[in-house]
Amino acid sequence: MLDIKFVRENKEAVKAAAAKKRMTVDVDRVLALDQQRRELMVRLDNDRAEQNRLSKSIGALPADQRAKAAEDVRDLKARLKVMEEEERALDGPLRAALLTLPNVPSPEVPDGLSDADNVEIKRVGTPRKFDFPILDHGEIGTRLGILDQERAARISGARQYMLFGDGCLLEHGILRMAIDHMIEAGFTPVQPPLMVRYEPMEGTAYFPGGEDQAYKMAKDDLYLIGTAEVPVTSIHAGEILDEAELPKRYVAMSPCFRREAGAYGKDTKGLYRIHQFWKVEQVVVDRNDEELSKQHHQTILGNAERLLQKLELPYRVVNVCGGDLGQPQVQKFDIETWMPSRGNYGETHSASRFHDFQARRLELRYRGKDGKVRYCHTLNNTVVASPRILIPLLENHQQADGTVILPEALRPYVAGRERLVARR
RNA sequence: GGAGAGGUGGCUGAGUGGCCGAAAGCACCGCCUUGCUAAGGCGGCAUGGGGUUAACACUCCAUCGAGGGUUCAAAUCCCUCCCUCUCCGCCA
């Protein structure tokens, strides 16, 4: 959420932000509502002051004069009541409208309409040249007997997967490796709840707007998380932290649930887009400082990159363009890992910085050394998401004989296996 | 699921209708004192919004889990909801 003061003073910047993000928002309506509300508040405050003054004076009166004095306050109260109702009628729509305004993207964010316009920043590693016909990850996994999407579909419908044997160990191993990797980087592991209330969804800016993507448990008014970002960024919601405690660096592993509404017919095959997956997520909460945020952004990007390097996977980093950027982000770097079956890089990581956009919604603040209270800055990035990461892992490391060689760093996490072979 | 207790400032915690935005302690900040010291003294210190100011300051409004209500007046009384704790039941 943007600061209403900022919107007042930077109307054109907000409009430009919306245009760059290819969003349609009504900034003028927000400002009109705000103007109305402020004018009302001045009158309301004055009348309330008057009422408070009168009420206080009644307390000092002798008992026999109170009833008459109280009488005089009553019509003032009636006026107040009308204004209070007006205020309520303005507050709701104003907040709702304010929640829809986009965060202002960094000047570094390239212009563009879709992910096709994202700008490549760097490439690391070279895609392997295969001297045999390659298989896609579905084929590899099925032949090895570690993946079964058919049975998964019978049990749970489309966009589901099941892993068996070494496939199962492989997934667990990668996730655990990612956790250890992040602990080494100084992050605190957290196990967050997987079901959350509306407020964390709104606070992290998934709601309003993303309701269709979330599984809701109607009986309990709880939502299954689509990412651990939601509960983890919300850990300190409503708190005023001490500057000395910052930065907070968390890493969380969780299942993630996404309805993928509107994605019909897109990536229907394989493990790319599914309803339930695992993700290790890194979250940083720190002071309200742009430069510091940018540094953290590079750091969490680097954390993910180093993991990919340990997994010996070629990848590239893109600077996500305006049209592909979400409402809350200031800037986003995606990491795309080489996926041989696609003959292209595919998104596996997403590193975002938000400034105080989420923090303002979450009431996530800190007291600075100067004694002033400010909203924090928040950031997050994937460390690894599975099974999507299995796509490049299986495909890049596949061998002519159908086996898959595991990168050395991963082996201790997969029961010491050097290679995945078909077992029975 | 049943019964009970409670939610107050960064923290602990007092406050059952006007003198309370709120005692006291801790933490923190400033100044002073002191050099034997995990010390002492004085002062400051909730958040948001508005007015005013060059600024310091001053002032008004709201907020004591959330939302309604009673009253001239609510942290304090009533209702609903949320959360925490204790006991019982059930269960992993």
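Because the structure is a prediction, the values reported are computed rather than measured. Quick note on labels: first sequence line is chain A, next is B, and so on, each numbered from 1.
Separating the CG atom of D47(A) from the P atom of G50(B) is a distance of 19 Å, rounded to the nearest angstrom. The separation between L44(A) atom CG and C61(B) atom P is 11 Å, rounded to whole Å. For the pair E243(A) CD and C45(B) P, the interatomic distance rounds to 21 Å; values are reported in whole Å.
Look at the C1' atom in both G6(B) and A14(B): the space between them is 15 Å, to the nearest Å. With P as the reference atom, A5(B) and C42(B) are 43 Å apart, rounded to whole Å. Separating the C1' atom of A23(B) from that of C61(B) is a span of 25 Å, rounded to the nearest Å. Atom C1' of C85(B) sits at a distance of 25 Å from the matching atom of C77(B), rounded to the whole Å. When the P atom is compared between C11(B) and G48(B), the two are found 15 Å apart, to the nearest whole Å. Taking the C1' atom of each, C19(B) and C58(B) are spaced 23 Å apart, rounded to whole Å. Here, C81(B) and U12(B) have their C1' atoms 28 Å apart, quoted to the whole Å. Across the P atoms, A46(B) and G21(B) are found 14 Å apart, a figure rounded to whole Å.
Remark: K372(A) is not in phosphate contact with U47(B), judged by side-chain N or O atoms under 4.0 Å from OP1 or OP2. Regarding contacts with the backbone of G68(B), a side-chain N or O of R88(A) is found under 4.0 angstrom from either OP1 or OP2. Close to C72(B), at under 4.0 Å from its OP1 or OP2, lies a side-chain N or O of R74(A). Put simply, R53(A) has no side-chain N or O that comes within less than 4.0 Å of OP1 or OP2 on C60(B). Between Q51(A) and A73(B) there is a side-chain N or O to OP1 or OP2 distance below 4.0 Å. Listed pair N46(A) / C60(B) fails the phosphate criterion, with no side-chain N or O lying under 4.0 Å from OP1 or OP2. Side-chain nitrogen and oxygen atoms of N52(A) include none within less than 4.0 Å of the OP1 or OP2 phosphate oxygen of G18(B). Not one side-chain nitrogen or oxygen of K77(A) sits closer than 4.0 Å to the OP1 or OP2 atom of U71(B).
Among G18(B), C61(B), U47(B), the nucleotide with an atom closest to any side-chain atom of D45(A) is C61(B). Among the nucleotides U47(B), G50(B), C61(B), the one closest to the side chain of R365(A) is U47(B).
Cation-pi geometry between R176(A) and Y413(A) is not met: the NZ or CZ atom fails to fall both under 6.0 Å from the ring centre and inside 45° of the normal. Cation-pi check for R342(A) over Y272(A) is met; the charged atom lies under 6.0 angstrom from the ring centroid and within 45 degrees of its normal.
At a cut-off of 3.5 Å, with distance as the only test, no side-chain donor of Y366(A) or E245(A) sits close to an acceptor on the other residue.
A donor-acceptor contact shorter than 3.5 Å is absent between the side chain of H355(A) and the backbone of H377(A).
Using a 4.0 Å heavy-atom cutoff across all strands shown, I58(A) reaches at least one base atom of the nucleic acid.
How far CG of D3(A) is from CZ of R8(A): 8.0 Å, rounded to the nearest 0.5 Å.
Searching all strands for a Watson-Crick or G-U wobble partner of U63(B) with both distances below 3.5 Å returns A46(B).
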